[in-house]
Amino acid sequence: MADVLVCIKRVPEVAGEVALTDDAQGVDARHVGYTISAHESCAVELAVRIATGTGGAATVLTLGTDDAVEQLRTALSLGCSRAVLIEADPSGFGPADVAREIAAVAREHDVVLLGNDAADTGDFQVGIRLAYALGRPVVNGARTVEVADGAVTAQVDGPDGIENYAVPLPAVVTVLEGGVEPRYPTITGRMKAKKVRVETVTPQRGPDGPGRVRLLLPPARPNVVEVLGEGPDAAKSVVDLLEKLGVAR
Amino acid sequence: MILAFVETDASGATEVSREALTLAARMGAPLHAVVVGALPDGVVEQLGRYGVEVVHHAVGDAVAAFGGAAWAAAVQDAAGDAGVVVAPGTPRGMEVAAHLAARLDVPMAANVVAAGAGDPLRVTRQVVGGSVLEEMELPARPAVLTVAGHAVEDEPGDGVTATLRTFTPQVADADLVARVVSVEPVDDAGRSDALTSARVVVGAGRGAGSAAGFDATVELAELLGGALGVSRVVTSLGWRPHHEQIGQTGSRISPDVYIPCGISGAIQHWAGCASSRTILAINSDEAAPMVTKATYAVIGDMHEVVPAINAEIRRRRG
Ligand SMILES: Cc1cc2nc3c(=O)[nH]c(=O)nc-3n(C[C@H](O)[C@H](O)[C@H](O)COP(=O)(O)OP(=O)(O)OC[C@H]3O[C@@H](n4cnc5c(N)ncnc54)[C@H](O)[C@@H]3O)c2cc1C
Ligand SMILES: Nc1ncnc2c1ncn2[C@@H]1O[C@H](COP(=O)(O)O)[C@@H](O)[C@H]1O
């Protein structure tokens, strides 16, 4: 019976143009929706599978504002049975701050799953810092994770092939997209999710901060696209170009 | 001292490691490097060309198999009182750097593209999949940072003659718990290396229409001796395997020519292909971001355009 904690972060779902807030501290998300990282969606899927497979339970956690309950509810509708909100403005928290706050909640859990990196700040470190805070082993960038007989086995795509890890519980694993297909919520899942009370906790202490001075947009690369043609008639000019670029033979 | 963690393969320091070294060498002197595991022939001389004075080579059972904590212990050992530790922005580079930063309880900046020389150290790094830059201060010493792949041009500097120092790091038992216990080689068809090292990549997105809609793009990739890459929509729909995905949560490519077909060019996709030298977009929508950001474009249905290109290439080859 494994008790799993999975950590997710609410992030703006930007696709085209990105705009910054006036204080240049964040992405202006007034006109876009919110989501979680693709890695975290896979982590949620793995958490639910481990909970189901071992007869345990999966808890979803986020450090964020009240708005992030939207992302917690989605995870609940997918099979997590508890949700914890560490209520704080995440933009003021650096990765070490977030790891410390998660650690305060994570001690009771056998396995903690996180994403490999958050979709917005991309710090690539909360999971590893969490492992040190808890004094637990950590497997990084796993595509598949299984729990049996008091141990976690995980597979990571390494430079020489698929790397196998086997570590005793309790452990921390960060997840990369691609090893599992995240499920979609069912109607009953959504109904259940509505009934769960989100447990709200306050941070242990004030953050040291992310060291951010400001955000800026990369200089726009002035670009003039040369249209080679329309439809299949363009094939000749395309192959001329490929030959000129030295890649057609 | 500035210490660079360098990854190697059979040919020497890897490309992203050389890019990281280029940035590290500009941050000041003296520059040292640490290599954990295999030390390919000629790599000490190669690192010397980047200005590396001392190559620390960690050997021993504790680091024979990869483990983030054990390898970071080796880097920590070599770091001594280094002011800056730089790692390549690869999965292992990120992992080792994050372990080091956690062990030393100092901040770490991931995906740095530029670094100042002042105190506190100020760096610029990629966030939001590279579509936004962040200026960040790293007040603690050592400053730990990873260098974003293909954001810095690989450029050897004033060469020196590097000396080799071999050492066996002290690794605590706790740091050996999570390490690779076995590796299963995968055949080329199951790997993303072909994609990340290809000179030509043909991309296919939702415009492919279905799992059966990739024949022409696969054929074009074959005709050009390149690889097929896809968008996330394609992998989430299960049309193609995830190791072919390009983007923020897939592979980063930097081919000479990228030919995205039926891909809109969302920022998370762009994150993975922005460093392509030439982009030739094939899309039915002339206003798609991929088209407006491309070098060349063909406006049309990929199911008509790509077979016509294939036919033209075969015709010219006779
Ligand atoms: C946290 C996060 C991480 C992500 N990571 C990635 C990632 O790593 N990689 C990635 O690719 N995406 C990623 N995405 C998804 C990304 O935002 C886009 O949804 C995705 O890239 C769109 O794929 P697409 O271009 O194939 O599809 P669409 O956006 O639907 O575009 C299809 C394009 O094909 C064109 N088209 C349609 N039919 C034809 C035809 N017959 N002939 C020619 N053109 C045609 C259309 O004009 C359109 O431009 C991520 C998203 C999030 C939120
Ligand atoms: N505010 C947060 N709340 C919960 N989990 C988080 C938060 N920030 C980061 N994480 C987790 O840590 C992972 C790595 O984040 P990062 O190190 O910031 O790139 C993410 O994929 C999440 O799983």
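Just so you know, these numbers use all the heavy atoms, side chains as well, and skip hydrogens, waters and symmetry mates. Just so we're on the same page: letters track the sequence lines, and every chain starts at 1.
- Between chain B and the residues A:Ala234, A:Pro137, A:Gly229, the most heavy-atom pairs under 4.5 angstrom are made by A:Gly229.
- The shortest distance between side-chain heavy atoms of B:Ile299 and A:Val227 falls below 4.5 Å.
- Using a 4.0 Å cut-off between charged side-chain N and carboxylate O, A:Arg214 and B:Glu134 make no salt bridge.
- Side-chain N or O atoms of B:Glu184 include none that pairs as donor or acceptor with a backbone N or O of A:Glu163 at under 3.5 Å.
- Among the candidates A:Ala166, A:Pro159, A:Ser237, the residue making the largest number of heavy-atom pairs closer than 4.5 Å to chain B is A:Pro159.
- For A:Phe124, the parts lying near chain B are the backbone and the side chain together; criterion is any non-hydrogen pair under 4.5 Å.
- Heavy atoms closer than 4.5 Å to chain A are found in the side chain of B:Asn111, but not in its backbone.
- With chain B as the partner, the residue from A:Leu241, A:Val18, A:Leu242 showing the most heavy-atom pairs under 4.5 Å is A:Leu241.
- Neither the backbone nor the side chain of B:Glu7 comes within less than 4.5 Å of any heavy atom of chain A.
- Counting heavy atoms from C-beta on, the side chains of A:Asn164 and B:Val180 never come closer than 4.5 Å.
- Only the side chain of A:Arg143 comes within contact range of chain B, with at least one heavy atom under 4.5 Å from a heavy atom of that chain.
- Residue contact with chain A, scored on non-hydrogen atoms closer than 4.5 Å, is absent for B:Ala65.
- The minimum heavy-atom distance linking B:Val127 with A:Thr121 is given by the pair CG1-O, 3.5 Å.
- Contact check for B:Tyr296 versus A:Val225: no side-chain heavy atoms found under the 4.5 Å cut-off.
- A:Pro182 does not touch chain B: none of its heavy atoms, backbone or side chain, sits under 4.5 Å away.
- By the 4.5 Å heavy-atom criterion applied to side chains, A:Glu177 and B:Gln248 are not counted as neighbours.
- Chosen from B:Leu133, B:Val128, B:Ile309, the residue pairing most often with chain A at heavy-atom distances under 4.5 Å is B:Leu133.
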(message) Between B:Arg122 and A:Val213, does the side-chain contact (heavy atoms from CB on, under 4.5 Å) criterion hold? Intermediate values first, please.
(response) CA-CA 9 Å; B:Arg122 195 177 272 203; A:Val213 179; 3.7 Å; yes

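- Around the CD atom of A:Glu181, the shell of radius 6.0 Å holds more than 12 heavy atoms that belong to other residues, nucleotides or ligands.
- With chain B as partner, the option from A:Gly161, A:Ser37, A:Gly122 having the largest number of non-hydrogen pairs under 4.5 angstrom is A:Gly161.
- Scanning all heavy atoms of the two residues, the minimum distance from A:Pro232 to B:Glu304 falls at CD-OE1, 3.7 Å.
- Residues A:Arg129 and B:Met108 approach most closely at NH2-N, 3.6 Å, considering heavy atoms.
- Highest contact tally toward chain B, considering only A:Asp117, A:Val167, A:Val27, A:Val156, is held by A:Val167 [criterion: heavy-atom pairs under 4.5 Å].
- Chain B forms more heavy-atom pairs under 4.5 Å with one residue of A:Val14, A:Leu217, A:Val11 than with any other, namely A:Val14.
- Only the side chain of A:Gln155 comes within contact range of chain B, with at least one heavy atom under 4.5 Å from a heavy atom of that chain.
- There is no side-chain donor-acceptor pair under 3.5 Å between B:Arg179 and A:Tyr165.
- Residue contact with chain B, scored on non-hydrogen atoms closer than 4.5 Å, is absent for A:Val152.
- In this structure, no portion of B:Val123 lies under 4.5 Å from any heavy atom of chain A.
- Ranked by non-hydrogen atom pairs under 4.5 Å with chain A, the options B:Ala178, B:Pro91, B:Ala281 are led by B:Ala178.
- The heavy-atom pair separating A:Gly231 from B:Val305 by the smallest distance is C-CG2, 3.6 Å.
- By the 4.5 Å heavy-atom criterion applied to side chains, B:His242 and A:Val180 are not counted as neighbours.
- Proximity to chain A (any heavy atom under 4.5 Å) is restricted, for B:Ile259, to the side chain, taken from C-beta onward.
- In this structure, A:Ile128 and B:Glu95 approach most closely via the heavy-atom pair CD1-O, 3.8 Å.
- The side-chain heavy atoms of B:Val177 and A:Pro168, taken from C-beta on, include a pair separated by under 4.5 Å.
- Atoms CG and CG, on B:Asp9 and A:Asp160 in that order, are 9.5 Å from each other to the nearest 0.5 Å.
- With a 4.5 Å cut-off on non-hydrogen atoms, A:Leu176 does not touch chain B at all.
- For A:Asn223 (side chain) and B:Ala294 (main-chain N/O), a donor-acceptor pair under 3.5 Å exists by modelled atom type.
- Scanning both residues, A:Pro218 and B:Gly130, for their nearest heavy atoms gives CG-O, 4.1 Å.
- With a 4.5 Å cut-off on non-hydrogen atoms, B:Arg92 touches chain A through its side chain but not through its backbone.
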(message) Show, in sequence, the C-alpha distance, side-chain angles and deciding distance for A:Gln125 and B:His99, and conclude whether the side-chain contact (heavy atoms from CB on, under 4.5 Å) test is met.
(response) CA-CA 8 Å; A:Gln125 54 190 275; B:His99 271 275; over 6 Å; no

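- Interface remark: A:Asp240 contributes backbone and side-chain atoms alike to the contact with chain B (heavy atom separation under 4.5 Å).
- Taking chain A as the reference chain and counting heavy-atom pairs below 4.5 Å, the highest number among B:Gln245, B:Met94, B:Arg316, B:His269 is found for B:Arg316.
- A 4.5 Å side-chain heavy-atom check between A:Leu216 and B:Val132 finds every atom pair outside the cut-off.
- Interface remark: A:Ala96 contributes no atoms to any contact with chain B (heavy atom separation under 4.5 Å).
- Only the side chain of A:Val238 comes within contact range of chain B, judged by heavy atoms closer than 4.5 Å.
- Residue B:Ala140: no heavy atom, backbone or side chain, is found under 4.5 Å from chain A.
- Of the candidates B:Val200, B:Thr295, B:Leu280, B:Val257, A:Leu245 forms a side-chain contact (heavy atoms from CB on, under 4.5 Å) with just one, namely B:Val257.
- With contacts defined as side-chain heavy-atom distances shorter than 4.5 Å, the pair A:Arg212/B:Met136 does not qualify.
- For a residue to count as touching a neighbouring chain, one of its non-hydrogen atoms must lie under 4.5 Å from one of that chain's; by this rule B:Ser182 touches chain A with backbone and side chain alike.
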(request) Apply side-chain contact (heavy atoms from CB on, under 4.5 Å) to the pair B:Val183 and A:Ile162, showing each step before the final yes or no. (result) CA-CA 5 Å; B:Val183 182; A:Ile162 297 171; over 6 Å; no

